[in-house]
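Below is one structure, written out as structure tokens; comments come after it.
Everything numeric here is computed off the predicted structure, so don't read it as measured data. First the proteins, then the strands, lettered A, B, ... as listed; each starts at 1.
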There are 2 protein chains.
Amino acid sequence: MQDLNLFVIFARVVESGSFAEAARKMRISRSAVSKAISKLEKSLGAQLLNRSTRVLSLTEAGTVLAEHSAHILDEAEQAERVVNSLQAEPRGMLKVSASVAFGTLHVAPALADFLSRYPEIRIDLTITDRPVDLIGEGYDVIIRVTNEPDLNLVARKLAPVRRKLCATPQYFEKNGVPQTPEDLIKHNCLDYTLSGEQGYWNFTGPEGVIAVPVSGTLRINDDDALSQAVLGGLGIALLPTFTVGKDLQSGKLQAVLSEYIPVERYVYACYLPSRHVPAKVRSFIEFLLMRIGTIPYWDQDA
Amino acid sequence: MQDLNLFVIFARVVESGSFAEAARKMRISRSAVSKAISKLEKSLGAQLLNRSTRVLSLTEAGTVLAEHSAHILDEAEQAERVVNSLQAEPRGMLKVSASVAFGTLHVAPALADFLSRYPEIRIDLTITDRPVDLIGEGYDVIIRVTNEPDLNLVARKLAPVRRKLCATPQYFEKNGVPQTPEDLIKHNCLDYTLSGEQGYWNFTGPEGVIAVPVSGTLRINDDDALSQAVLGGLGIALLPTFTVGKDLQSGKLQAVLSEYIPVERYVYACYLPSRHVPAKVRSFIEFLLMRIGTIPYWDQDA
DNA sequence: CGCATTGTCAACTCATAGGAAACAATATAA
DNA sequence: TTATATTGTTTCCTATGAGTTGACAATGCG
């Protein structure tokens, strides 16, 4: 394969009409240009330029090569421009993955705003709780709720996820209100599949950290569905305020043992570590940060 | 400006789907590929490929760049092919310059044969006796009759040009037949403008080289026109056999002092010195050589 | 006839392209 | 699970060759 840089030099010479002029434009010496052309001619096995000290003229081979070289130069400059623009301006396709509950309740509703703010961005949002392969599937950003994000990723903490022990008033009427964490053992504790240690709920209370063994008749891998189950009066669960904030306000759910704080989880926006984060990713994360804030809107008056 | 060779490596990686595979195809080491991509990403300021040891995926910037790179690669390969073909096969435009008399009488008539033998060649023939700038005007070949061709050019000797002292029988009847070169002084000697020393005709005779001072009433810069003048009975001239061969045979002209040989001139095909002579030029010169041969057809029975 | 500028060449220098080897990550096979 | 092979990366090293400088001859201009 040819050394394409020679094509570039050749194109410059042709458009300049002289070696010296081309050399000045490219800020290299005349001899460098001379050697480049000679090398190109040698490697192609064809004379490209007939030259005396004063006059240059293209051979037929030179003429066709000049055309191709100009195209190449063009294409390269264009490529450089579009990549730069893609990098510097928020535009293009943004592939996002978000977990089911949070994605549905808070990411998806926010996208309209985001897209109208950045009209050149398009979004491909995948809602799933399954672990995704950022590299293989080509995601720009994934939004996950977890207490310990993947160490191989850049994880931007968007907001804390506060959780509360909730059930319906009806449930408490029937089964009593637990006064201490230990009382939970007597209750139907609905569990979130992906939470840390199975079978235990951990709290930080007045006495420090405690682990309460719990058991229940239902386990779901989605916070929103879990909330629905609790709303149906099935039992008690540790529910994030981002799903049940309204229900707590409206009284459809009731929180108990509020002085015992479950291990805090966070909403993270994660992306691949790279020195070169495209503008679309930066602006998306900044938008989310602004939208969700340090004290998320669903917690503001909870 | 970018290093276009990095684009090529990038394109190869994309089409291969892996650094290692691309490295093997290009017969360089994996580390070379790795470094090339890193350098490209750095210089563009954008991530192009997301990669783990096992899986590669293009970023958006990478996707657009891949497209452009593929185009560039394509264009380069195409350019290489067409230049090679132009070099190796007799095809394309052949710019030829020929002197008026010889060009008209012998080059132009031969072209039909040549072009039918090489159907992919087209010819741009310029008939002129004016000295031409091979480089500036972009001629591939010039055909000239001279005794000393330009030393800066490659001059292929096609055929000797024999000249004879000619006049019409009528002229000799009226003015007498010169018996010795010195007798020429008494004749109307028509001169060819571009011949060596003005006012003298040089011969190699039995006594060695002699220079005869001559004078006449006409001087023309074209052998054919000069012949026409002689045919009109105006005087004596040194005429090349390639213009008056037929007239000598038919008796319309008569040659005298044949034992005195004028300085021999030659038909040359000249082209610019270069290691890389295109096939079209080579085949043209070979064709002329074959056609005109060492003993030209107009001399064969003269 | 200077004078300036051209393309080329030879000699030299230094950056850097590329290889080798070791490494961590990861997929596949046993 | 463990073992193995392969991936992309990194460090270190070296030879190549790209580019400079400073000549040169050729050439056009005033």
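- Checked by atom type and distance alone, the side chain of B:K280 pairs as donor or acceptor with a backbone atom of B:M93 at under 3.5 Å.
- Ion pairing between a basic and an acidic side chain is recognised when a charged N comes within 4.0 Å of a carboxylate O; A:R130 and A:E137 show such pairing.
- Under the 6.0 Å distance and 45° angle rule, B:K95 counts as a cation-pi partner of B:Y139.
- For the pair A:Q47 CD and C:dG7 C1', the interatomic distance rounds to 13 Å; values are reported in whole Å.
- The shortest heavy-atom contact between B:A76 and A:L4 is CB-CD2, 3.6 Å.
- Under the 4.0 Å criterion applied to side-chain N and carboxylate O atoms, A:E89 and A:R81 are not assigned as salt-bridge partners.
- One can place CG of A:L40 at 12 Å from P of D:dA18, the figure rounded to the nearest angstrom.
- In this structure, the side chains of B:N50 and B:T59 come closer than 4.5 Å at one or more pairs of heavy atoms.
- For B:M1 and D:dA18, the CE to C1' distance is 18 Å, given to the nearest whole Å.
- B:L153 has its CG atom 15 Å from the C1' atom of D:dA26, to the nearest Å.
- Contacts between residues 17-39 of chain A and DNA chain D, defined by a heavy-atom separation below 4.0 Å, involve A:R27, A:I28, A:S29, A:S31, A:A32, A:K35, A:K39, listed by number.
- When the local axes at the two ends of the helix from C:dC1-D:dG30 to C:dA30-D:dT1 are compared, using 5 base pairs at each end, they differ in direction by 40° after rounding to 10°.
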Got a list of protein N/O to nucleotides 27-29 of chain C N/O distances below 3.5 Å?
none

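- Rounded to an integer number of Å, the gap from A:N152 CG to C:dT26 C1' is 12 Å.
- In this structure, CG on A:L44 lies 11.0 Å from CG on B:L86, to the nearest 0.5 angstrom.
- No option in A:E120, A:R91, A:E80 other than A:R91 meets the side chain to side chain donor-acceptor pair (under 3.5 Å) test with A:S85.
- Within 6.0 Å of atom NZ in A:K25, more than 12 heavy atoms from other residues, nucleotides or ligands are found, so the atom counts as buried in its surroundings.
- For the 3.5 Å distance criterion, the side chains of A:T146 and A:R265 fail to qualify, holding no donor opposite an acceptor.
- A cation-pi arrangement, defined by a distance under 6.0 Å to the six-membered ring centre and an angle within 45 degrees of its axis, is absent between A:K157 and A:Y268.
- Atom CZ in A:F10 sits roughly 14 Å away from atom P in C:dG7 (whole-Å rounding).
- Atoms CG (A:N50) and P (C:dT8) sit 11 Å apart, rounded to a whole Å.
- B:N5 places its CG atom 11 Å from the C1' atom of C:dA17, with the value rounded to the nearest Å.
- Taking only side-chain nitrogens and oxygens, A:R51 comes nearer than 4.0 Å to OP1 or OP2 of C:dT8.
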